[in-house]
Amino acid sequence: MRAQTMARGLRAAVVALGGLICLWALVWEALPLPLLRGGLLAFGLGVVALVVWREVLWRRQTGDLANDLCDTVDALMEGKGFPAVQTYEDSVTAKVQGKLLQYYEKMADGQRQSTEDKQTIQELVSDISHQVKTPLANLQMFLGILRQHPLSSEKREEFLALMAGQVDKLEFLLASLIKMSRLETGTFALHLEESPLSETLAKAVGAVWAKGEAKGIALAIHCDDTITVCHDPKWTAEALGNILDNAVKYTPAGGQVTITVRPWQFYTRIDITDTGIGIPEGEYHQVFQRFYRSQAVADQEGVGLGLYLARGIITRQRGYISVKSKVGEGTTFSVYLLREMR
């Protein structure tokens with residue numbers, strides 16, 4: 001504001017000088033020469049004083065701006081946070097500080113995200129090392145027995161089968177951990193497309209068909225072939241396959257798993273219902289946590305990543321999963337996928 005006032009004052013002085021010159025040309029003969037000289041001298045001194053005053057004021061403003069910016073940067077470097085800024089003021093200092101505030105907030109968000117990513121990676125490394133430890137220890141134990149003890153061919157075959165099972169478990173665990181790490185760090189890309197949901201369901205069921213048939217579990221799909229959803233077929237089949245794998249695993253032999261698709265106004269609902277052991281109501285949210293295993297199924301094979309991965313994949317497509325269950329009667333997982341991505 002002060003700079004604008006000085007500029008207006010200088011313009012007024014220049015206009016006044018032009019007006020005096022014009023007046024001088026008109027009344028040159030009528031004015032006494034000493035009076036004319038005195039007036040011109042006073043005017044010239046006034047212009048010089050105005051210019052000097054403007055320069056001094058400008059230097060002071062520049063110094064104040066530099067000091068304010070230095071104080072602001074020093075406070076940020078020392079971790080004291082951003083000082084109070086009157087961003088509504090129409091001044092150079094307020095404008096520059098406003099831009100610094102935007103930059104500071106952006107850098108702070110980036111630093112927080114970096115800290116969260118670092119913590120996530122540390123947790124992943126810790127989880128991976130913990131989960132891999134058991135099958136590796138079993139493999140080392142079996143290998144030591146085979147090396148140090150003479151065994152019959154039948155016994156050796158038994159130990160080799162146990163080792164093969166541990167290797168399969170380790171392979172499954174590592175594959176699940178890789179998927180989990182990609183999901184956590186956001187390094188996997190979803191390719192959404194409008195495609196028939198029946199084809200995705202067929203892929204998901206195909207991954208568990210052999211297990212279900214071995215246990216005598218009937219798998220039924222009720223889905224109209226004309227129903228299409230905007231989704232990633234590969235990753236959605238992975239998510240639905242994980243839910244189906246749990247349904248087959250925890251359903252007794254001779255049970256049933258049914259998939260029912262119901263189009264809604266905004267979502268398409270996929271119900272996966274089994275006649276398994278059920279889930280206590282207090283564990284509805286816990287079953288989606290990473291590495292969670294209920295005490296009721298502690299003796300079953302698994303690492304507790306299937307439902308965690310399923311929810312992560314579905315939510316990244318702007319969908320969601322709900323669960324409803326009754327212990328001893330069965331469970332229904334409902335997957336909701338948007339019919340159209342807006």
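- Heavy atoms only, all atoms of each residue included: N242 and G306 are closest at ND2-O, 3.3 Å.
- A 4.5 Å side-chain heavy-atom check between E238 and I313 finds at least one atom pair inside the cut-off.
- When side chains are defined from C-beta on, Y267 does not count as touching L337, because their heavy atoms never get closer than 4.5 Å.
- Once rounded to the nearest 0.5 Å, the distance linking CG of L240 with NE2 of H231 reads 8.0 Å.
- When the shell of 6.0 Å around NE2 of H285 is examined, it contains 12 or fewer heavy atoms from other residues, nucleotides or ligands.
- Nearest heavy atom pair, residue S325 against residue T331, reads OG-OG1, 2.7 Å.
- K211 is listed as a side-chain neighbour of D245, based on a closest heavy-atom distance under 4.5 Å.
- When the options L201, T200, T260 are evaluated for a side chain to side chain contact (heavy atoms under 4.5 Å, CB included) with I270, the one that passes is L201.
- Using a distance-only test at 3.5 Å, with no hydrogens or angles considered, no donor-acceptor pair links the side chain of R339 to the main chain of P263.
- Note: Y320 and Y336 have parallel aromatic rings, judged against thresholds of 30 and 60 degrees for the angle between ring planes.
- Of all heavy-atom pairs between A237 and A204, the closest is O-CB, 3.6 Å.
- Atom OH in Y250 sits 11.0 Å away from atom CG in D274 (nearest 0.5 Å).
- V327 and I277 are assigned to two separate hydrophobic clusters, defined by single-linkage of ILVMFWY side chains at heavy-atom distances under 4.5 Å.
- Residue P252 comes nearest to G276 through the heavy atom pair CD-CA, 3.8 Å, listed as atom of the first residue, atom of the second, then distance.
- Side-chain atoms of Q317 come within 3.5 Å of backbone N or O of D232 as a donor-acceptor pair.
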Might you work through the side chain to side chain contact (heavy atoms under 4.5 Å, CB included) test for I279 and F333, ending with a clear yes or no? CA-CA 11 Å; I279 303 171; F333 282 93; 3.9 Å; yes
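- Between T236 atom OG1 and K203 atom NZ the span is 10.0 Å, to the nearest 0.5 Å.
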What verdict does the side chain to side chain contact (heavy atoms under 4.5 Å, CB included) test give for E157 and E154, after you've listed the backbone C-alpha separation in whole Å, the side-chain angles of each residue and the deciding distance to 0.1 Å? CA-CA 5 Å; E157 289 296 328; E154 293 82 3; 5.8 Å; no
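- The OG1 atom of T251 lies 5.0 Å from the CD1 atom of I217; values are rounded to the nearest 0.5 Å.
- Looking at E193 and P233, their side chains come closer than 4.5 Å, going by heavy atoms from C-beta outward.
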Please report the C-alpha distance between T332 and I272 in whole Å, then the side-chain angles of each, then the deciding distance to 0.1 Å, and finally whether the side chain to side chain contact (heavy atoms under 4.5 Å, CB included) criterion is met. CA-CA 5 Å; T332 297; I272 301 176; over 6 Å; no
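- I314 and Y284 fall within a single hydrophobic cluster, where Ile, Leu, Val, Met, Phe, Trp and Tyr are joined by side-chain heavy atoms under 4.5 Å apart, directly or via other members.
- By the 6.0 Å contact criterion, CD on E171 is open, its count of non-hydrogen atoms from other residues, nucleotides or ligands being 12 or less.
- Within a 6.0 Å sphere centred on CD of E281, other residues, nucleotides and ligands contribute 12 heavy atoms or fewer.
- Considering only residues two or more places apart in sequence or on other chains, Q256 meets the side-chain hydrogen bond (donor to acceptor under 3.5 Å, both in side chains) condition with T258.
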Before giving the answer on side chain to side chain donor-acceptor pair (under 3.5 Å), spell out for T273 and D271 the whole-Å C-alpha distance, their side-chain angles and the decisive distance to 0.1 Å. CA-CA 6 Å; T273 304; D271 287 336; 5.7 Å; no
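- Closest approach of A239 to A310, counting heavy atoms only: O-CB, 3.6 Å.
- Atoms OG and CZ, on S322 and F288 in that order, are 7.5 Å from each other to the nearest 0.5 Å.
- With hydrogens and angles disregarded, no donor-acceptor distance shorter than 3.5 Å links the side chain of K215 to the backbone of G255.
- Using a 4.5 Å cut-off on side-chain heavy atoms (C-beta onward), Q286 and Q289 make contact.
- In this structure, the side chain of R316 engages the main chain of G312 through a donor-acceptor pair within 3.5 Å.
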Show the numbers, then the answer: is there a side chain to side chain contact (heavy atoms under 4.5 Å, CB included) between R156 and L146? CA-CA 7 Å; R156 291 180 65 87; L146 289 174; 4.3 Å; yes
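- One hydrophobic cluster holds both L136 and L160 under the rule that ILVMFWY side chains link at heavy-atom gaps under 4.5 Å.
- Taking NE2 of H222 as the start and CZ of R262 as the end, the distance is 10.0 Å to the nearest 0.5 Å.
- Hydrophobic clustering (ILVMFWY, side-chain heavy atoms < 4.5 Å, transitive): V167 and L162 are in one cluster.
- In this view, E158 and K155 satisfy the salt bridge (Lys or Arg N to Asp or Glu O under 4.0 Å) rule, not counting sequence neighbours.
- The nearest pair of heavy atoms linking I259 to L244 is CD1-CD2, 3.7 Å.
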